[in-house]
Amino acid sequence: MSESLQQRFRVWIAGPAYPRVTGGALTVGAVAELIAYPGSVTTVIGALVSSASLMWRRSFPPVAVLTVAAGLLGFAGAANLHVSIMASGLIGCYTLGRNRVLHPALTVAGAALGALCVNLVHINTWSRMDLPVPALWEKGSLSLFAESFLLTVVIFGAVMMGDAVRSREETRQERHLAHAQLIAMERQQAAESERAAIARELHDIVSHSVSMIAVQAESATYTTPGLTPEARDGFQQIAGTARSSMAELRRLLGVLRTPQGQAGMALTAPQPTLDHLAELVEQHRAVGGRAELKVTGQRGPLPAAWELSAYRIIQEALTNVRKHAPGARTVVEIDYAAGRLLRLRIHDDGPGPISGPGSGAGHGLTGMRERAALVGGRLSAGAGPDGGFLVEAELPWGTR
């Protein structure tokens with residue numbers, strides 16, 4: 001059986017039609033068996049009720065109690081065990097264990113008591129048929145209860161099998177839930193880490209601008225001729241406010257510093273801009289990647305945060321190509337659209353999105369989305385129209 005047929009078969013078994021079809025088939029089989037081997041009214045009623053009730057075993061699992069009881073009743077009224085009664089009874093016991101209608105111990109105990117009652121009915125029938133039946137206190141009388149013992153063992157096996165399947169599915173669901181929670185936690189940590197990195201980078205941009213304000217305001221008090229005392233005090237207040245803002249920025253950034261001074265290099269290194277994209281693409285080629293850079297539109301002055309976000313998005317996209325599609329050809333497109341909008345498009349011809357446990361997919365995309373959201377933009381990532389993986393971003397600034 002091919003894998004697709006197996007998958008379809010599993011889906012059909014899990015669907016609502018499966019219990020109705022199997023229960024109906026058993027009922028038809030019971031009718032055929034009763035026609036071939038007629039029995040008492042008790043056997044007929046027990047066989048038909050036991051098999052027909054299975055059609056509702058999934059929508060209403062407690063009906064399996066009726067299934068087992070009717071099966072035992074049908075067996076009590078027959079000299080031999082009908083195949084339809086045996087099959088229905090086993091499925092009913094499995095259903096009781098699978099859905100834990102009762103505790104498995106209570107289910108087995110109740111069914112064993114029913115089997116003992118059936119055995120006693122048969123012993124009474126044998127005695128009325130003038131068969132050699134020893135008295136209960138005579139030697140060899142225990143062999144009369146072999147029937148109830150065998151039935152109890154079979155019932156125990158069916159109930160335990162259903163309970164084992166239930167436990168396995170609960171364990172699988174708990175494992176899937178734990179895996180989903182782990183992935184959500186990892187993505188949250190990745191987003192928090194990316195936000196911390198963004199904050200450090202923005203600190204460099206803002207602190208440079210604020211420090212320039214402080215220096216220029218301080219210099220203006222000495223280089224601008226003819227300043228009134230009020231104007232001089234105003235420049236001094238601007239310089240003082242700028243220095244206070246710098247101190248506050250440093251204090252707040254201390255919360256985001258990584259341990260063991262690892263943030264020091266990030267705070268002193270110059271932040272890249274879109275002017276460094278050619279170098280980034282060249283670095284990608286140097287490690288075996290194939291990349292092409294396409295730029296359209298007229299580039300104008302962009303805010304530093306937008307330049308940095310766009311650069312980091314492209315950098316992360318190229319990193320993902322090297323990680324998940326090494327050797328794939330990548331096209332990096334930048335469009336300086338009219339209306340103060342920057343469009344990014346990074347497309348490769350690799351195998352496309354990678355999914356499944358342990359793939360690690362999603363953390364880099366989380367960071368890119370955080371970058372786009374920082375500047376009020378949006379980012380989408382997934383399978384490209386012609387295959388491969390496609391990342392698209394729109395980063396607007398100002399009023400369009």
Side-chain angles (χ1 to χ4, degrees), residues 1 3-35 39 41-78 81-115 117-118 151-180:
M1 184 183 295
E3 185 175 349
S4 60
L5 289 177
Q6 291 178 354
Q7 184 65 25
R8 290 179 182 177
F9 184 68
R10 293 193 190 98
V11 171
W12 180 72
I13 289 179
Y18 175 74
R20 295 186 177 90
V21 172
T22 53
L26 278 173
T27 304
V28 172
V31 172
E33 189 175 21
L34 291 171
I35 293 174
V41 176
T42 303
T43 301
V44 172
I45 294 175
L48 294 179
V49 172
S50 180
S51 56
S53 61
L54 290 175
M55 290 189 286
W56 293 275
R57 68 183 185 274
R58 184 170 293 171
S59 59
F60 186 64
V63 77
V65 175
L66 177 62
T67 301
V68 176
L72 291 173
L73 180 64
F75 182 38
L81 178 61
H82 286 64
V83 175
S84 59
I85 293 177
M86 179 180 64
S88 300
L90 289 176
I91 295 176
C93 291
Y94 173 86
T95 302
L96 292 175
R98 171 69 179 77
N99 296 278
R100 278 224 175 184
V101 176
L102 297 171
H103 191 279
L106 292 177
T107 302
V108 174
L113 181 61
C117 293
V118 171
L151 279 176
T152 301
V153 171
V154 174
I155 290 170
F156 176 81
V159 172
M160 289 300 103
M161 181 180 295
D163 189 67
V165 171
R166 176 181 179 276
S167 299
R168 186 181 63 182
E169 291 187 355
E170 286 181 347
T171 302
R172 184 186 297 116
Q173 291 175 358
E174 291 175 358
R175 185 168 61 248
H176 288 170
L177 179 61
H179 182 66

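- In this structure a side-chain-to-backbone donor-acceptor pair under 3.5 Å is present from His103 to Ala105.
- In this structure, Tyr94 and Leu90 have side chains that are not in contact, with every pair of non-hydrogen atoms separated by 4.5 Å or more.
- With sequence neighbours left out, Val31 forms a side chain to side chain contact (heavy atoms under 4.5 Å, CB included) with Ile35, Leu48.
- Pro19 approaches Gly15 most closely through the heavy-atom pair CD-O, 3.7 Å.
- The salt bridge (Lys or Arg N to Asp or Glu O under 4.0 Å) check on Glu170 picks up Arg166, with sequence neighbours excluded.
- Contact between Gly92 and Ala64 at its shortest, heavy atoms only, is O-CB, 3.5 Å.
- Pairs of residues two or more places apart, or lying in two chains, never qualify as salt bridge (charged side-chain N to carboxylate O under 4.0 Å, His left out) while including a residue from residues 14-25.
- The shortest distance between side-chain heavy atoms of Ile85 and Glu33 does not fall below 4.5 Å.
- Pairing each heavy atom of Thr22 with each of Arg57, the nearest pair is OG1-NH2, 3.0 Å.
- A search for side chain to side chain contact (heavy atoms under 4.5 Å, CB included) contacts involving Ala112 returns Thr152, not counting sequence neighbours.
- Counting only residues at least two apart or in different chains, salt bridge (charged side-chain N to carboxylate O under 4.0 Å, His left out) contacts with residues 90-109 comprise Arg98-Glu169, Arg100-Asp163.
- Shown here for Ser88 and Leu54, the closest heavy-atom pair between the two residues is CA-CD1, 3.8 Å.
- Listed by chain and number, the residues in a side-chain hydrogen bond (donor to acceptor under 3.5 Å, both in side chains) with Gln173 amount to none (sequence neighbours excluded).
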May I have the list of side-chain donor-acceptor pairs in residues 71-78 shorter than 3.5 Å, sequence neighbours left out?
none

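- Counting heavy-atom neighbours within 6.0 Å of Met55 CE, excluding the residue itself, gives a total above 12.
- When all heavy atoms of Thr95 and Pro61 are compared, the pair lying nearest together is CG2-O, 4.2 Å.
- Not counting sequence neighbours, the partners of Thr107 by the side chain to side chain contact (heavy atoms under 4.5 Å, CB included) test are Leu96, Leu102, Val159.
- Residues satisfying the side chain to side chain contact (heavy atoms under 4.5 Å, CB included) test with Ala70, not counting sequence neighbours, are Val49, Ser50.
- In this structure, Met160 and Pro104 have side chains that are in contact, with non-hydrogen atoms separated by less than 4.5 Å.
- With values rounded to the nearest 0.5 angstrom, Ile91 atom CD1 is found 10.5 Å from Met86 atom CE.
- Under the side-chain hydrogen bond (donor to acceptor under 3.5 Å, both in side chains) criterion, Ser53 pairs with Thr67, not counting sequence neighbours.
- Tyr18 meets the ring pair (Phe, Tyr, Trp, His ring centres under 6.0 Å) test with Trp12; sequence neighbours excluded.
- When all heavy atoms of Ala111 and Ile155 are compared, the closest pair comes out as CB-CG2, 3.4 Å.
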